[in-house]
Protein chains: 2
Amino acid sequence: MLFPMRDYYTPGEVAERFDLTLDTLRYYEREGLLRRVDRSPSGHRRYRADDVELLGLVRCLRDTDMPIARLREFAELVQAGDHTIHDRLDVLQRHQDRLDQRIAELRAHQTAIQHKIDYYVGVLADNAPRTVEETS
Amino acid sequence: MLFPMRDYYTPGEVAERFDLTLDTLRYYEREGLLRRVDRSPSGHRRYRADDVELLGLVRCLRDTDMPIARLREFAELVQAGDHTIHDRLDVLQRHQDRLDQRIAELRAHQTAIQHKIDYYVGVLADNAPRTVEETS
DNA sequence: GCTTGACCTGGAGCGCACTCCAGGCCCCAT
DNA sequence: ATGGGGCCTGGAGTGCGCTCCAGGTCAAGC
């Protein structure tokens, strides 16, 4: 099994699972995106299953361009306890709405770029036959 | 008319049209995203219709996250003349492909986030009725 | 006992895309 | 003639999100 169910995970395991560097992992912790992670007797980090789960969500949100500052706010809600679930939902739902907008925007721009492509293709089509004639 | 057909446009007009600052406009020129723009006798920039058109495309590509460096390469192709149209098409088509990928990625993450939202909604649904009983 | 490898810390550095600033010029309206 | 607006320049500064580094600790294997 690539990522077995266990009590604790090492930094290396977690970094590999989410394709993050150790530096980024520590950076996220410093920035308050994760709670202060447990340590082994020798001081090495030990990520619990719920750290890993939160990190999965963090990764998802970062990959969809949620800024670190908002992720920190979300993480603070998570730490504050179950009574913040409504607020968390709010954060996530707003993010989804922004994502809808962003996707629509990308699509619109993509259409505009396609028009430019079509225009260029037209230019090539107008020129290519002439080139064929010239070379024949 | 908001943006009349004219020989030249002022920096202010162009900035407003594309919702860019004058600083950004100058920055783009410095970075080679536009050719060296014409000047009035007093040294003020005068954007021609084709500057404006290219800027429109630049805006589109930037808004879809094409990095400045690649935009510069594209702008160099534009300046190099009509024989680069094939290369320009290549740049644009690759960008469209990346955009397809990016949109698919955003959608996938959005689905994952939706699962989290649904989970939270479930938690609220499990708790709310109990709260109602308690308060009645 | 020594090396290797995974990890630790605090802090500096980086790349990108702007963004801001001081000091100056020209032109037009009052 | 004076004041304001719009623009000019070169260069410094900003914010974000990492990323890198030096110097150190610890545990396991040869």
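To find a chain, count down the sequence lines: A is the first, B the second, and so on, and within it residues start at 1.
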Please, which pairs that meet salt bridge (Lys or Arg N to Asp or Glu O under 4.0 Å) have at least one residue in residues 83-93 of chain A, sequence neighbours excluded? D90(A)-R94(A)
How close do P11(B) and L25(B) get, heavy atom to heavy atom, and via which atoms? O-CD2, 3.6 Å
Common cluster, V91(A)/V58(A), ILVMFWY with side-chain heavy-atom separation under 4.5 Å: yes
For A80(A), the side-chain contact (heavy atoms from CB on, under 4.5 Å) test, sequence neighbours excluded, returns H83(A), T84(A)
Spacing between E13(A) atom CD and dA6(C) atom P, to the nearest angstrom: 12 Å
Under the side-chain hydrogen bond (donor to acceptor under 3.5 Å, both in side chains) rule, what pairs show up with a residue in residues 47-61 of chain A, not counting sequence neighbours? R35(A)-D51(A), R48(A)-D50(A), E53(A)-K116(B), R59(A)-D63(A)
Salt bridge (charged side-chain N to carboxylate O under 4.0 Å, His left out) involving D82(A) - partner list, sequence neighbours excluded: none
Any side-chain N or O of T10(A) below 4.0 angstrom from OP1/OP2 of dC7(C)? yes
With sequence neighbours left out, what residues match R62(A) under salt bridge (charged side-chain N to carboxylate O under 4.0 Å, His left out)? none
Under 3.5 Å between N/O atoms: give me all the protein pairs with nucleotides 28-30 of chain C, atom names plus distance.
none

Give me the first and last nucleotide of DNA chain D, going 5' to 3', that has any atom under 4.0 Å from a heavy atom of chain B. dG6(D) to dT9(D)
By the definition side-chain contact (heavy atoms from CB on, under 4.5 Å), identify the one residue from R107(B), Q110(B), H109(B) that meets it with L99(A). Q110(B)
Going by number, which of residues 60-70 of chain A have a non-hydrogen atom under 4.0 Å from DNA chain D? R62(A), P67(A), I68(A)
Find out if a path of hydrophobic residues (ILVMFWY) with successive side-chain heavy-atom gaps under 4.5 Å connects Y8(B) to F18(B). no
Any chance the side chains of Q114(B) and D118(B) put a donor and an acceptor closer than 3.5 Å? yes
A side-chain contact here means heavy atoms from C-beta on lying under 4.5 Å apart; do L61(A) and L92(A) qualify? yes
To the nearest 0.5 Å, atom CD1 of I113(B) lies from atom OG1 of T64(A) at 4.0 Å
Under 4.0 Å from any atom of DNA chain C, heavy atoms only: list the residues of residues 26-44 of chain B that qualify, in numerical order. Y27(B), Y28(B), R30(B), S42(B)
Using a cut-off of strictly less than 4.0 Å between a heavy atom of the residue and any atom of DNA chain C, enumerate the qualifying residues of residues 95-110 of chain B by number. none
Between G12(A) and T24(B), just flag the one whose closest nucleotide in DNA chain C comes earlier from the 5' side. G12(A)
Listed pairs under 3.5 Å, donor-acceptor, residues 71-78 of chain B side chains, sequence neighbours left out:
unit_1: R72(B); atom_1: NH1; unit_2: E31(B); atom_2: O; d: 2.9
unit_1: R72(B); atom_1: NH1; unit_2: E31(B); atom_2: OE1; d: 2.9

For the atom pair CG (L34(B)) and CZ (R26(B)), what is the distance rounded to the nearest 0.5 Å? 13.5 Å
Starting at atom CZ of R45(B), determine the distance to atom P of dC26(C), rounded to an integer number of angstrom. 16 Å
With sequence neighbours left out, the residues meeting salt bridge (charged side-chain N to carboxylate O under 4.0 Å, His left out) with E105(B) are R102(B)
